[in-house]
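Accompanying notes for the structure given below.
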2 protein chains.
Amino acid sequence: MTEGRSRRPGPRIEEVARVAGVSKSTVSRVINGEKYVSERSRLAVHRAIAMLGYSPNHAARTLAGSRANAIALVISELGSRVLADPFFAGVLRGVHAELAGRHVQLLMMMNQPLDGEDQVAYLTGGHVDGALVVSLHGEDPLPRTLHETGLPIVVGGRPLAGGAVPFVDSDNFNGALQAVRLLVSLGRTKIATIAGPHDMAVGMDRLSGWRCGLAEHGMSVALVVHSDFTPESGALAMEELLRRAPDLDAVFVAADIMALGALRVLQARGYRIPDDVAVVGFDDSVLASTAVPPLTTVRQDVEQFGRTLTWRLLSELSGDEKLPQSILLPTSLVRRTSA
Amino acid sequence: MTEGRSRRPGPRIEEVARVAGVSKSTVSRVINGEKYVSERSRLAVHRAIAMLGYSPNHAARTLAGSRANAIALVISELGSRVLADPFFAGVLRGVHAELAGRHVQLLMMMNQPLDGEDQVAYLTGGHVDGALVVSLHGEDPLPRTLHETGLPIVVGGRPLAGGAVPFVDSDNFNGALQAVRLLVSLGRTKIATIAGPHDMAVGMDRLSGWRCGLAEHGMSVALVVHSDFTPESGALAMEELLRRAPDLDAVFVAADIMALGALRVLQARGYRIPDDVAVVGFDDSVLASTAVPPLTTVRQDVEQFGRTLTWRLLSELSGDEKLPQSILLPTSLVRRTSA
DNA sequence: GCCGCATCTGGGAGCGCTCCCAGAACCCGC
DNA sequence: GCGGGTTCTGGGAGCGCTCCCAGATGCGGC
């Protein structure tokens with residue numbers, strides 16, 4: 001009478017208990033790493049688990065327990081642009097690496113225009129224990145909304161409308177600062193920038209770094225054109241800069257992908273790189289090394305980014321107090337040919 | 001006594017039943033779209049669900065039912081290379097679009113060298129109903145292994161060691177064929193190719209298309225160099241081709257990213273593009289439009305790819321018979337400047 | 001009239017865990 | 001000696017669903 005339904009394969013916790021000569025409760029304690037288990041029992045249980053090839057049923061743990069044993073990876077703002085970014089690929093790799101070995105599922109969610117509300121409902125409905133939010137637009141309200149519901153979240157990239165939402169980000173400010181210092185050390189005196197849009201923290205922080213670097217040397221911070229992280233807009237921005245200052249001798253471009261467009265315009269106008277104009281990009285994406293000439297750029301460790309993001313969330317979930325609210329990851333200059 | 005544990009928020013199925021004036025069973029039937037429910041009950045239940053904002057508990061459904069209500073997205077072979085590929089980003093977008101509205105979770109899994117066995121165990125352990133496998137190397141044994149366990153899977157990209165594993169792929173053969181026909185129609189007579197590696201179906205299929213296109217016109221298929229989908233190896237391959245045939249007048253490159261390297265070599269040697277040498281790439285990635293000169297290439301609809309992949313799996317899961325075993329998606333030529 | 005079949009419904013067992021509770025065993029200090 | 005704690009253990013009541021079963025009802029044909 002007990003063999004009624006079509007069962008999933010594999011042993012149950014009860015069998016482990018029998019083989020180990022203890023109760024279900026004790027097996028459960030061992031699995032969840034609780035204290036108050038004798039060394040003897042712990043060993044017996046581990047042996048039994050290995051012998052039977054036991055693996056706990058996720059649904060049952062979630063249903064019975066107070067955790068969902070899953071976290072969400074929320075890709076905000078239509079997903080398309082985030083995903084097209086090789087940056088994201090590296091982050092995802094890091095996230096996964098950090099998750100390895102833990103019994104935590106990674107759920108993918110994209111923020112489609114339709115289901116904004118549904119998504120918040122789903123996330124706060126107990127289906128996940130926390131969320132990693134990768135948001136491009138700094139003013140996306142989602143991170144804040146989620147955080148206010150009390151759901152533990154960590155945002156990848158500093159949110160502009162963040163309030164006190166924990167985030168992990170690359171040190172964009174210092175990366176840009178280093179780039180400018182390099183250009184100055186090379187003797188450049190008329191240093192422009194192609195910045196990102198106003199509504200993205202990543203763009204604004206790089207712009208601040210550029211400003212600060214110039215200010216250090218009393219140089220003008222007038223040569224700014226905002227652009228939107230596409231090669232085409234990078235090209236347009238470069239044209240605008242050249243119109244305003246045909247004699248500029250360096251450009252700090254806030255993303256490699258825009259630098260590609262800028263490079264094309266400079267070359268078309270007959271500027272030699274780096275002789276006439278030095279160019280520094282940002283990201284050290286694959287585009288940088290394949291560009292002609294290969295691009296000097298600011299490197300960020302995207303895999304580390306993903307690992308840190310995940311680590312921060314999991315630590316919070318496991319009750320770790322005194323965690324840093326937010327974390328900045330170092331960036332470093334990569335010298336190639338363009339500067 | 002009934003309010004014992006810390007509960008997740010929201011109403012239970014029992015409350016929906018009470019409000020709708022029917023039994024739990026009937027509510028369950030409505031939710032799962034079973035037949036044998038009167039129109040009257042169905043309406044009442046829908047109304048109650050809307051009123052209460054009810055959403056079924058995933059863990060409970062999974063535990064009680066015979067389905068896991070989740071599918072896995074398995075990124076095979078170290079993940080790094082697949083992910084860095086913008087191709088993958090589009091696929092993922094498609095996958096997600098197709099999943100929208102269904103109560104199916106998307107679990108991310110990466111195939112790390114360590115946990116090959118664990119992964120198979122996890123996937124076949126009833127945690128998911130099926131899997132989408134995105135595999136780069138055609139000879140990866142994972143798709144076949146999984147398929148043999150009986151787990152419904154669909155592979156993105158034709159597997160070489162596939163056996164009868166269902167897959168979805170772009171029509172690489174015809175894409176290459178079209179590319180060659182274009183080159184022929186442009187009067188080119190010495191058409192080389194930079195092919196992908198031997199162990200990837202995507203490379204081999206494009207190579208076959210190139211061969212076939214040349215054979216149609218009785219042209220030589222001798223000018224082949226294999227490469228590995230990086231710009232650097234594309235450059236090396238181009239150098240090799242020029243050594244063997246300095247007078248070639250066209251190259252079909254099996255990926256835009258390799259074409260970038262080839263372009264660089266050709267330009268460095270003083271060949272004019274497309275005047276001296278016409279170049280056609282494959283993928284229509286972002287690289288193609290930003291290349292100098294903009295690359296004529298073969299386009300594949302990556303989002304459609306993801307949608308189709310998912311559709312095929314879900315159809316199988318819902319018991320659809322007479323599904324096509326595998327599906328090829330059309331590719332089309334995009335004319336730009338390089339040919 | 002009656003038997004069969006299709007349609008619809010509710011009751012309730014059970015999915016495989018976690019976590020509460022009660023209790024056993026042991027140590028400590030007075 | 002006894003009360004108090006800490007350490008360890010097993011029993012068992014759920015978690016919120018699905019799905020089997022039994023039963024009620026309606027409708028057709030003989």
Side-chain angles (χ1 to χ4, degrees), chain A residues 1-18 20-45 49 52 54-70 103 105 125-127 129, chain B residues 1-45 48-49 52 54-70 103 105 125-127 129:
Chain A
M1 195 60 68
T2 55
E3 281 297 338
R5 208 84 62 78
S6 88
R7 298 276 194 71
R8 282 169 237 22
R12 304 290 101 96
I13 201 174
E14 204 121 39
E15 267 174 81
V16 177
R18 219 184 37 241
V22 298
S23 70
K24 278 193 332 176
S25 304
T26 299
V27 176
S28 176
R29 287 189 194 100
V30 172
I31 291 172
N32 294 297
E34 287 170 29
K35 52 182 204 167
Y36 296 153
V37 179
S38 67
E39 203 50 37
R40 218 177 130 279
S41 299
R42 191 181 306 278
L43 240 69
V45 169
I49 287 177
L52 297 171
Y54 170 76
S55 131
N57 180 298
H58 181 263
R61 300 184 81 189
T62 301
L63 182 58
S66 41
R67 292 185 302 291
N69 304 299
H103 290 275
Q105 295 188 334
H127 297 273
D129 300 318
Chain B
M1 194 59 71
T2 54
E3 280 297 336
R5 205 83 61 79
S6 87
R7 297 277 192 72
R8 283 169 237 20
R12 302 292 100 95
I13 199 175
E14 203 121 40
E15 266 173 82
V16 176
R18 216 183 40 241
V19 170
V22 299
S23 72
K24 278 193 331 175
S25 304
T26 298
V27 176
S28 177
R29 286 189 193 98
V30 172
I31 291 171
N32 294 296
E34 287 170 29
K35 53 181 204 167
Y36 296 152
V37 179
S38 67
E39 202 51 36
R40 218 175 131 281
S41 299
R42 192 181 305 278
L43 240 69
V45 169
I49 287 178
L52 297 171
Y54 170 76
S55 130
N57 180 298
H58 181 262
R61 302 184 79 189
T62 300
L63 183 58
S66 41
R67 293 185 301 292
N69 305 300
H103 289 275
Q105 295 188 335
H127 297 273
D129 300 319

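Lettering follows sequence order; numbering is per chain, from 1.
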Members of residues 32-40 of chain B that approach DNA chain C, where some heavy atom sits under 4.0 Å away = Y36(B), V37(B), S38(B)

query = Start at the 5' end of DNA chain C and walk down; is the nucleotide closest to P56(A) or to S25(B) reached first?
reply = S25(B)

Roughly how many Å is it from [atom1] in [X] to [atom2] in [N], rounded to a whole number?
X: R29(B); N: dC8(C); atom1: CZ; atom2: C1'; result: 8 Å
X: K24(A); N: dG16(C); atom1: NZ; atom2: C1'; result: 8 Å
X: I13(B); N: dC17(D); atom1: CD1; atom2: P; result: 5 Å
X: I49(B); N: dC17(D); atom1: CD1; atom2: P; result: 10 Å
X: E15(A); N: dC17(C); atom1: CD; atom2: C1'; result: 14 Å
X: L63(A); N: dT18(D); atom1: CG; atom2: P; result: 12 Å
X: E14(A); N: dC15(C); atom1: CD; atom2: P; result: 10 Å
X: R18(A); N: dG11(D); atom1: CZ; atom2: P; result: 14 Å

ask   = With no hydrogens and no angle check, do the side chains of S41(B) and S38(B) hold a donor and an acceptor under 3.5 Å apart?
value = yes

inquiry  = For the residue pair R12(B) / N57(B), report whether a side-chain donor-acceptor contact shorter than 3.5 Å exists.
reply    = no

Determine whether [X] and [Y] make a side-chain contact, defined as any pair of heavy atoms from C-beta on separated by less than 4.5 Å.
X: I13(B); Y: S28(B); answer: yes
X: V45(B); Y: V19(B); answer: no
X: V27(B); Y: E14(B); answer: no

remark   = Side-chain contact check for R67(A): nearest option of dT9(C), dC19(C), dG16(D) is dC19(C)

How long is the span from the [atom1] atom in [X] to the [atom2] atom in [Y], to the nearest 0.5 Å?
X: Q105(A); Y: H127(A); atom1: CD; atom2: NE2; value: 13.0 Å
X: R29(B); Y: Y36(B); atom1: CZ; atom2: OH; value: 11.5 Å
X: R42(B); Y: E34(B); atom1: CZ; atom2: CD; value: 9.5 Å

Base-pair map of DNA chain D as dot-bracket, where | denotes pairing with a different strand and pairs are Watson-Crick or G-U under 3.5 Å = ||..|||||||||||||||||||||||||.

Return no unless some side-chain N or O of [X] is found under 4.0 Å from OP1 or OP2 of [N].
X: S28(B); N: dT18(D); answer: yes
X: S41(A); N: dT9(D); answer: yes
X: Y54(A); N: dC17(C); answer: yes
X: S66(A); N: dT18(C); answer: no

inquiry  = With a 3.5 Å distance limit and no angle check, can you tell me whether T62(A) reaches the backbone of H58(A) through a side-chain donor-acceptor pair?
reply    = yes

task = Without swapping roles, check the side chain of D129(B) against the backbone of R67(B) for a donor-acceptor pair under 3.5 Å.
result = no

query = Hey, does T62(B) reach any base, or is it just sugar-phosphate, or nothing, if we go heavy atoms under 4.0 Å?
reply = nothing

